*Asks:* 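Pasting in a structure now, in structure tokens, and then I'll have a few things to ask.
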Amino acid sequence: MLKSTNSPFPSKTKFSVWFFRSSTSFLSPKQNEAHLSLSHQHKKNYKKYFLFSFLNENPTNQRVSKQVHSHLITTASFSHSVRLFNAVLRCYAVSENPKDAIFLYQQIQSFYLYFKFDSFSYAFLIKACASLKDLALGKQFHGVEIKMGFESHLYVQTVLVNMYVESGGLVECKKVFDEMPDKNTVTWNVMITGLAKQGDVEFARFLFEKMPDRNIVSWSGMIDGYTRMNQHREALGLFRRMVADDGVDPSEITFLAILPAVWNIGDVKICRLIHGYGEKRGFLVSDIRVMNSLIDTYAKCGCMGSALRFFDEISTDTKNLVSWTSLISGFAMHGMGKEAVESFERMEQEGWKPNRVTFVSVLNACSHGCLVEEGLKFFKKMVNEYQILPDIKHYGCLVDMLGRTGRLEEAEKIALEIPSEISNEVVWRILLGACSFYGDVEMGERVTEKIMEMERGYGGDYVLMSNILVGAGRFADAQRLRRLMDERNAIKVAGSSLT
DNA sequence: CTGCCTCATA
């Protein structure tokens, strides 16, 4: 936000209009420079200073950074603007389109061949490559950055390691990391969290044990890595060691990393333990994300009562849309359709605008609770009232809802109406389950054909279809399908239980 | 200037 007290630009809009007018020039950059009077020059410097401080206070303001970008290009006075340039680069690097950072770099280079970029510039440019996960582009900037003499610059090399590990260049990231003359905790953490995210949790653990001083980011990253790799006991063990042995205080991020491990194990007692610990240490009162994750964890541990109680404890002005969505999805997975619908309505009354995730949850609740009419109503509401384009998960709920209540023809009709760009085998698999339940052989065969067009490696489909055939007395066909499954080497997933 | 980040069909 602009501070309007001593600013000549009272509002954002006015500021934008003013800047647009004053920066638009029909002259070439060189001519523009030559025609500037002294007062104009003075004004320009003031403008530059103002933009710089504004952008530093609002590092993610896209509109302003676009304007500064055009300022840099049209005035061609780059040599004094490295810091301004860096501010724009930082903005682009963390934006939706990190490619803009690269474009700006190329533009500056084409205007001013010997522009002196500093360590900040390269740090942000490489960060943009990391966001893009563009390994080839990152390698190019690696080369340029070495040529410009930042080979042993701590910050530049740290983002470089981050870029390599984020975009899958595991060999390169290890090489850069090993050759760094000095590393700090952040460097180690970039390596550990990056490796954990890429699935190499073993090597991440090796570095974790080896690193000189671990902080909370190291612990959280490591715990998160184990959770991602479905090694939930290991994650919990590490959390325990962190709190009990090393006496490190967890952060809100640590809770966000450990709670999925808790609900994957599915023990409510652990959930209560973590909850109690967090409450005692005052970590839960500050961050709504942790509270939402806790609602979700209680629900997924099968304790909807605790989830609801905790939800009600959160004050109205702290709650957000995700809190409501977590509650609704909790009701959905417990087949409590009525409660989910009521929560949805209460949420709307409190002025929240549901998003696509909220609708997946409430549609899922309707299908699990066999509330077909309500579900169809919600689907229409989503499309017409909230203008949300349904995605494959919404269709999946709809097909499931119609299929499980025996309205197979309608379900098939919906499945066929799904645009082919977003359609997948999951929605047909749902329908196949319904066909199996109601013993509809003809539709089952049609549906299986559809699935085989998309995915033929999932053994469950063959088993389900052959069961339908057996139910209809077509034993020979069933056996043929089983043989086909073996020939295609389809994966047979064994039934698993949480206990 | 660099690191961990809540909810979603089977």
Side-chain angles (χ1 to χ4, degrees), chain A residues 56 59 83 86-87 89-90 93-94 118-127 130 153-163 165-166 183-194 196-197 215-225 227-228 250-260 287-297 299-300 320-330 332-333 354-365 367-368 390-401 403 424-434 458 460-461 464 493:
Chain A
N56 267 342
R83 286 163 67 82
N86 288 340
L89 269 188
R90 176 173 63 176
V94 298
D118 64 3
S119 64
F120 290 75
S121 319
Y122 289 109
F124 295 138
L125 281 165
I126 295 169
K127 192 187 170 66
H153 190 286
L154 177 61
Y155 284 79
V156 175
Q157 295 308 101
T158 300
V159 281
L160 195 64
V161 171
N162 188 35
M163 184 276 297
V165 74
E166 290 267 308
K183 317 173 182 46
N184 66 7
T185 310
V186 175
T187 317
W188 285 90
N189 287 344
V190 162
M191 200 65 187
I192 288 169
T193 56
K197 240 191 272 177
N215 65 8
I216 187 57
V217 177
S218 333
W219 286 98
S220 306
M222 202 61 229
I223 291 171
D224 184 56
T227 314
R228 275 170 205 268
S251 71
E252 59 279 11
I253 310 295
T254 324
F255 283 106
L256 293 174
I258 197 69
L259 286 173
D287 197 315
I288 184 60
R289 293 172 307 172
V290 179
M291 296 188 247
N292 293 340
S293 189
L294 202 61
I295 297 170
D296 186 48
T297 307
K300 283 177 176 150
N320 64 14
L321 186 60
V322 179
S323 324
W324 285 99
T325 307
S326 304
L327 184 75
I328 293 167
S329 92
M333 70 185 75
N355 63 12
R356 46 183 67 244
V357 184
T358 320
F359 274 109
V360 172
S361 302
V362 76
L363 288 172
N364 193 218
S367 88
H368 287 164
D391 65 33
I392 191 62
K393 295 192 180 182
H394 299 109
Y395 286 117
C397 295
L398 219 54
V399 170
D400 185 45
M401 179 188 314
N424 64 7
E425 74 282 2
V426 176
V427 60
W428 290 105
R429 194 168 289 148
I430 295 167
L431 190 56
L432 187 62
Y458 183 71
D461 299 328
L464 209 53
V493 184

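Small disclaimer: the values here were computed from a predicted structure and weren't measured. Per chain, numbering begins at 1; letters A, B, ... match sequence-line order. When reading the values below, keep in mind they use all heavy atoms of this one structure, side chains included, and skip hydrogens, waters and symmetry mates.
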*Asks:* Identify which nucleotide among B:dC4, B:dT9, B:dC7 has an atom closest to any side-chain atom of A:Lys393, counting heavy atoms from C-beta outward.
*Replies:* B:dT9

*Asks:* Please determine, for the side chain of A:Ser329, which listed nucleotide (B:dC1, B:dC7, B:dC4) has the closest atom?
*Replies:* B:dC7

*Asks:* Is any side-chain nitrogen or oxygen of A:Lys197 closer than 4.0 Å to OP1 or OP2 of B:dC4?
*Replies:* yes

*Asks:* Between B:dT9, B:dT6, B:dT2, which one does the side chain of A:Val186 approach most closely?
*Replies:* B:dT2

*Asks:* Base, sugar-phosphate or nothing for A:Ser220? Non-hydrogen atoms, less than 4.0 Å.
*Replies:* base

*Asks:* Look at the side chain of A:Asp224 and decide which nucleotide, out of B:dC1, B:dC4, B:dC7, has an atom nearest to it.
*Replies:* B:dC4

*Asks:* Have a look at A:Val190 and say if it touches a base, only the backbone sugar-phosphate, or nothing, with a 4.0 Å heavy-atom cut-off.
*Replies:* sugar-phosphate

*Asks:* Roughly, in whole Å, what's the span from CG in A:Asp287 to P in B:dC4?
*Replies:* 15 Å

*Asks:* Just compare B:dG3, B:dT9, B:dC1 and give me whichever is closest to any side-chain atom of A:Asn215.
*Replies:* B:dG3

*Asks:* Nearest to the side chain of A:Cys397, which nucleotide is it out of B:dT2, B:dG3, B:dT9?
*Replies:* B:dT9

*Asks:* Between CD1 of A:Ile253 and CD1 of A:Ile216, what distance do you get to the nearest 0.5 Å?
*Replies:* 9.5 Å

*Asks:* B:dT2 base stacked by A:Tyr155? Criteria: ring centres under 5.5 Å, plane angle under 30°.
*Replies:* no

*Asks:* Could you state the atom-to-atom distance from CD of A:Glu252 to C1' of B:dC4 in whole Å?
*Replies:* 10 Å

*Asks:* Does the side chain of A:Asp296 reach to within under 4.5 Å of the side chain of A:Leu259, using non-hydrogen atoms?
*Replies:* no

*Asks:* Decide whether a cation-pi geometry holds between A:Arg429 and A:Tyr458; the criteria are a distance under 6.0 Å from NZ or CZ to the six-membered ring centre and an angle within 45° of the ring axis.
*Replies:* yes

*Asks:* To the nearest angstrom, how far is A:Tyr395 atom OH from B:dA10 atom P?
*Replies:* 18 Å

*Asks:* Under 4.0 angstrom, heavy atoms only, what part of the nucleic acid is A:Val322 near: base, sugar-phosphate, or nothing?
*Replies:* base

*Asks:* Mind checking if A:Gly221 touches a base, just sugar-phosphate, or nothing, with heavy atoms under 4.0 Å?
*Replies:* nothing

*Asks:* For A:Ile430, report the nucleic acid contact type (base, sugar-phosphate, nothing); a contact means any heavy atom under 4.0 Å.
*Replies:* base

*Asks:* Pairs under 3.5 angstrom only: tabulate donor-acceptor contacts from the side chains of residues 153-163 of chain A to other protein residues two or more places apart or in another chain.
*Replies:*
residue, atom, partner, partner atom, Å
A:His153, ND1, A:Tyr155, N, 3.2
A:His153, ND1, A:Val156, N, 3.3
A:His153, NE2, A:Ser119, OG, 3.4
A:Gln157, NE2, A:Glu151, O, 3.3
A:Thr158, OG1, A:Leu154, O, 2.6
A:Thr158, OG1, A:Thr187, OG1, 3.1

*Asks:* Starting at atom CG of A:Leu363, determine the distance to atom P of B:dT9, rounded to an integer number of angstrom.
*Replies:* 11 Å

*Asks:* Out of B:dT9, B:dG3, B:dC1, which has the shortest distance to the side chain of A:Phe120?
*Replies:* B:dC1

*Asks:* Can you sort out the partners of A:Asp391 under salt bridge (Lys or Arg N to Asp or Glu O under 4.0 Å), two or more places apart, ordered by chain and number?
*Replies:* A:Arg356

*Asks:* In this structure, how many angstroms lie between the P atom of B:dT2 and the NZ atom of A:Lys127, rounded?
*Replies:* 6 Å

*Asks:* Base, sugar-phosphate, or nothing for A:Asn86, non-hydrogen atoms under 4.0 angstrom?
*Replies:* nothing

*Asks:* Out of B:dG3, B:dT2, B:dA8, which nucleotide sits closest to the side chain of A:Val217?
*Replies:* B:dG3

*Asks:* Round to a whole Å and report the spacing from CH2 of A:Trp188 to P of B:dT2.
*Replies:* 21 Å

*Asks:* Can you tell me which nucleotide in B:dG3, B:dC7, B:dC1 comes closest to the side chain of A:Asn162?
*Replies:* B:dG3

*Asks:* Give the rounded distance in Å between these two atoms: CG of A:Asp391 and P of B:dA10.
*Replies:* 14 Å

*Asks:* Output the rounded distance in Å from NE2 (A:His368) to P (B:dT9).
*Replies:* 8 Å

*Asks:* Quick one about A:Ser251 and A:Thr254 (side-chain donor to acceptor, distance below 3.5 Å, no hydrogens or angles considered), yes or no?
*Replies:* yes

*Asks:* Measure from the side-chain heavy atoms of A:Lys300 and tell me the nearest of B:dT9, B:dA8, B:dC1.
*Replies:* B:dA8

